Amino acid sequence: MVTHSSKWTIATLGSHSALQILKGAQDEGFKTLAICKKGTEKVYKQFGVADKIITVSDYMDLLKIQDKLIKDNVIIIPHASFIAYIGPANIEKLKIPYFGTKSILEHESDRNKEKKWLEAAGLKLPLIFSKPSDIDRPVIVKFHGAGGGRGYFLAKNTADFEKKIKNHEGKEYTIQEYILGVHMYAHYFHSPLTGETEIMGFDKRYESNVDSIGRISARDQMALPEEQIDPSYLIVGNIPVVVRESYLPRFLEMGENVVKISKKIAGRGLYGPFCLECVITPEGVIYVFEISARIVAGTNPYIHGSPYSWLRYDEPMSTGRRIAREIKNALKDDKLKEVLE
Amino acid sequence: MVTHSSKWTIATLGSHSALQILKGAQDEGFKTLAICKKGTEKVYKQFGVADKIITVSDYMDLLKIQDKLIKDNVIIIPHASFIAYIGPANIEKLKIPYFGTKSILEHESDRNKEKKWLEAAGLKLPLIFSKPSDIDRPVIVKFHGAGGGRGYFLAKNTADFEKKIKNHEGKEYTIQEYILGVHMYAHYFHSPLTGETEIMGFDKRYESNVDSIGRISARDQMALPEEQIDPSYLIVGNIPVVVRESYLPRFLEMGENVVKISKKIAGRGLYGPFCLECVITPEGVIYVFEISARIVAGTNPYIHGSPYSWLRYDEPMSTGRRIAREIKNALKDDKLKEVLE
Amino acid sequence: MVTHSSKWTIATLGSHSALQILKGAQDEGFKTLAICKKGTEKVYKQFGVADKIITVSDYMDLLKIQDKLIKDNVIIIPHASFIAYIGPANIEKLKIPYFGTKSILEHESDRNKEKKWLEAAGLKLPLIFSKPSDIDRPVIVKFHGAGGGRGYFLAKNTADFEKKIKNHEGKEYTIQEYILGVHMYAHYFHSPLTGETEIMGFDKRYESNVDSIGRISARDQMALPEEQIDPSYLIVGNIPVVVRESYLPRFLEMGENVVKISKKIAGRGLYGPFCLECVITPEGVIYVFEISARIVAGTNPYIHGSPYSWLRYDEPMSTGRRIAREIKNALKDDKLKEVLE
């Protein structure tokens, strides 16, 4: 087998976190390939991160060029857009070497499986109320498939819920305990080679319009039509943040426990980058709302390293580069099969 | 002509973004000069960015020492405070070599010319209503010359406008479509030498008091006197942010189009650093409110490089340093005239 | 005396800002020691910043191992958690070499002494009203010892105060002028060796729940029970920010004045890292609420240097490293006694 990184090409779809994935791969000595939708190539060219660009009219064209890519020693790095566009079913059948445990994806996308996983790991999740009459505290009502959280509303009790749900007839929804606290997205990397779960950094999302309604005074909010001021949660960017240092032991343990349980439910378990999407309450309780079992865009502020990665590494270590480093280390130790599927 | 950067001095007024301009110039081998108002020299001394400091009692004194500066091979880099203090008319007549197209400034400062420019570039601008009776959606009413946006108010229709405008008799105002979304300031650099428009980074402003009123509960806001809770927009700092990667192709195109149109309206057109001041809606639509045709303070978080500049350059590349790099490249290729006026 | 940094060990409690203190010490050639509470060691091991870890069941155990630490040439760096856990009285009696002026701590913790200090330095502080009947403007009512600011409320006048205080019978409180503006935390380092006060950076805190209530629309806030929406101020992280460059001369002067006055009130005065906790109003007035006479967690985003420290130093200079650099410089010049107590 070819064991030097320069003989391998690291590839991903040109979106989401591809810039750091490709830049990181170059820094580790790999060749890089961006698979871009027509019209987006310029970005990957401008930043010089792609040694080669393949332009497609549809991301699914990736499936048609698999044999060629395999011959060229290509390794695919998945990110959220990759998973969304190619789809878990196609990823399962993907023949190109792929970084990550494919069977973990269903535990991320299926709400019930995700809940079981996170609870087994000892994490604190918000309650779900299966019937409106069960509501015994403030809740947030989330509509299924609502783009960017459109129409989500808060209700303080069953009566309040019944009144407000009238505007949403026929929609499917989940009634979730409303946790008031600040968001904190924790980025991890689990190395199957060392067995260690590393803290890579933290971010907070920058969401439209919810991160801007607070800039409108309460009086002016009342003056605007309700449908315009209704909060929505379209992620348009990410902001760097560091967490209170005394919380790090808990965050580290949470990440380690998630990995531990993953090994019981999905093959070799979760490895590579992942993220716990948390809310911290005024009492310092950390609630987990979701897990992302792959690289998140929240690591994009740290293309040149995060405050945390600089502690451990004496060079700029983005999460994208950390992936390439893992593959390079596996090549060196002849353990490539342990990091690819 | 003297072609080595060490024979030239890069100078600017000691304010706004002078720290990165001077530091960047030093890193590219130039000598540096800060022209400081009495009492502000200490900052430029402390950070070691100014090889020489000239203290003035009034920034306009710059005009009196022009001949001396020209003899010393000084190049002036304009920033917002430079333009505000010296004034477009004086800049037009400035004899010291100046980085940038002077005639672009009127297209930035004149609202109508700016509107024409941005619309010709295909950008989406908020609507302007010329008469109150035209109002057919929520609007923000902005008063001319209002320091930091004092008194700006929202109105949901003509009647609401008529009621609220009564408190502002005699003031001139603009009625602008109110776009609810989050702010995103996109930093660019256009190189006349390579013809390329580079994305340098993004920030969000930190404004008083508007970025703090959301920390007051709606109930408490109601308790405060209206005049104290009224939003104002004094810029007191900047916060780093990265943008959703799938938006980059659009941002790049927007920057390129602005440069393309600028060449039709102002000499050699816009070059060097500039910024598009945007709001992104929950639908992912990017509105442009303004263009800054020079370096913005929003690049100050990136004195050691932004996530984006680290992708392209293997060294810390602030926007200030990028300017000096362009001048250095021009010197090398004997094209100094192409980057100075 | 041993003058090379490698013969000395820099130590602190494993919390607050210990990661940067220890990493910075390593970068300056010191050995490092983390004194960790059982269960937190893993973090300091993972990031590789502690050459040695001592696990204690209670931080006060530090007092029992003093003789051993002194024999091992250990120097203690205090941070907020260090001061909170060990306590000023014990710190006063501490025999291990300690970085900082111990007698400054009472001027930080005693509200009256702090007020005198800051006012003597010419800083602008919010007014305190000693009786409710004195209230002549909006105020914030703060309860003594309220964890994370629980129950703090705003009142617009005496009548409003009298109505709201009824829910808080028996509590001790302070009535403070309410200053509406944005928070800005300014980090400094004063070097007793050079006599210079350096600006190290700025941050804004990330607090639960107050930094998230603005994401709830005014209508929804009204729908929630008052006790849940009540603002609280638990610090859960920090966000990097840069300040408007034209404010730097004022911030520098404020820091210098605080140091100048400190020399009149506490031995050799304040040296090493400190922080002024400010609010900037829409008029650009800088109010100071508090001083922290030691390293603050707000410097944690800058483990690899802040935009400001990169201007002055050609290497990553965290505040933690700046401390170690000072000690190293003192060792070199045989002036260790000038930086330790």
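Numbered from 1 within each chain, the chains take letters A, B, ... in sequence-line order. Atom set for the values below is all heavy atoms of this structure, side chains included, hydrogens, waters and symmetry mates excluded. Bear in mind that the values here come from a model prediction, so they are computed numbers and not experimental data.
- Around the NZ atom of B:Lys37, the shell of radius 6.0 Å holds more than 12 heavy atoms that belong to other residues, nucleotides or ligands.
- Residue-environment remark: NZ (B:Lys52) stays at or below the threshold of 12 foreign heavy atoms within 6.0 Å.
- Using a 4.5 Å cut-off between heavy atoms, B:Val236 touches chain C through backbone and side chain atoms alike.
- Of the listed residues (C:Glu283, C:Arg250, C:Glu253), the greatest number of heavy-atom pairs within a distance under 4.5 Å of chain B belongs to C:Glu283.
- Looking at C:Glu207, the atoms closer than 4.5 Å to chain B (heavy atoms on both sides) all sit in the side chain, from C-beta outward.
- A 4.5 Å side-chain heavy-atom check between C:His183 and B:Tyr206 finds at least one atom pair inside the cut-off.
- The OG1 atom of B:Thr40 sits 9.5 Å away from the CD atom of C:Glu245 when rounded to the nearest 0.5 Å.
- In this structure, no portion of C:Ile286 lies under 4.5 Å from any heavy atom of chain B.
- For C:Lys142, the NZ atom counts as densely surrounded, since its 6.0 Å shell holds more than 12 non-hydrogen atoms of other residues, nucleotides or ligands.
- Only the side chain of C:Ile239 comes within less than 4.5 Å of a heavy atom in chain B; its backbone stays farther off.
- Taking the side chain as every heavy atom from C-beta outward, C:Leu248 and B:Gln46 never approach each other to under 4.5 Å.
- A salt bridge between B:Lys23 and C:Asp314 is present, with a side-chain N of the basic residue lying under 4.0 Å from a carboxylate O of the acidic one.
- Interatomic distance, B:Asn238 CG to C:Phe202 CZ, rounded to the nearest 0.5 Å: 12.5 Å.
- To the nearest 0.5 Å, atoms NZ (C:Lys156) and CG (B:Asp220) are separated by 11.0 Å.
- Nearest heavy atom pair, residue B:Gly214 against residue C:Ile213, reads O-CG1, 3.4 Å.
- By the 30° and 60° cut-offs, the orientation of the rings of C:Tyr308 relative to B:Phe47 is tilted.
- The contact between B:Tyr44 and chain C is made entirely by side chain atoms (from C-beta outward), counting heavy-atom distances below 4.5 Å.
- Residue contact with chain B, scored on non-hydrogen atoms closer than 4.5 Å, involves the backbone and the side chain of C:Tyr178 alike.
- Between B:Pro301 and C:Pro307, the shortest heavy-atom contact is O-CG, 3.6 Å.
- Taking both residues in full, the closest heavy atoms of C:Pro240 and B:Pro240 are given as O-CD, 3.4 Å, listed atom of the first, atom of the second, then distance.
- For the residue pair C:Pro282 and B:Ser208, the shortest heavy atom distance occurs at N-OG, 3.2 Å.
- Comparing C:Ala155, C:Ser309, C:Gly181, C:Gly305 by heavy-atom pairs within less than 4.5 Å of chain B, the highest count is held by C:Gly181.
- Residue contact with chain C, scored on non-hydrogen atoms closer than 4.5 Å, involves the backbone and the side chain of B:Ile216 alike.
- For the atom pair CD of C:Gln221 and CE of B:Met222, the computed distance is 9.5 Å after rounding to the nearest 0.5 Å.
- Considering CG of C:Leu311 and CG of B:Leu19, their distance stands at 5.5 Å, rounded to 0.5 Å.
- Contact of the B:Leu234 side chain with the C:Arg244 side chain is registered, since non-hydrogen atoms from C-beta on lie closer than 4.5 Å.
- Ranking C:Val210, C:Asp160, C:Asn157 against chain B, the residue ahead of the rest is C:Val210, based on heavy-atom pairs under 4.5 Å.
- Around the CZ atom of C:Phe129, the shell of radius 6.0 Å holds more than 12 heavy atoms that belong to other residues, nucleotides or ligands.
- At least one side-chain heavy atom of C:Asp211 sits less than 4.5 Å from a side-chain heavy atom of B:Arg215.
- Within 6.0 Å of the NZ atom in B:Lys164, the count of heavy atoms belonging to other residues, nucleotides or ligands exceeds 12.
- The two residues C:Ser246 and B:Ser15 have their closest heavy-atom pair at CB-OG, 3.6 Å.
- C:Ile280 contributes atom CD1, which lies 11.5 Å from atom OG of B:Ser212 (distance to the nearest 0.5 angstrom).
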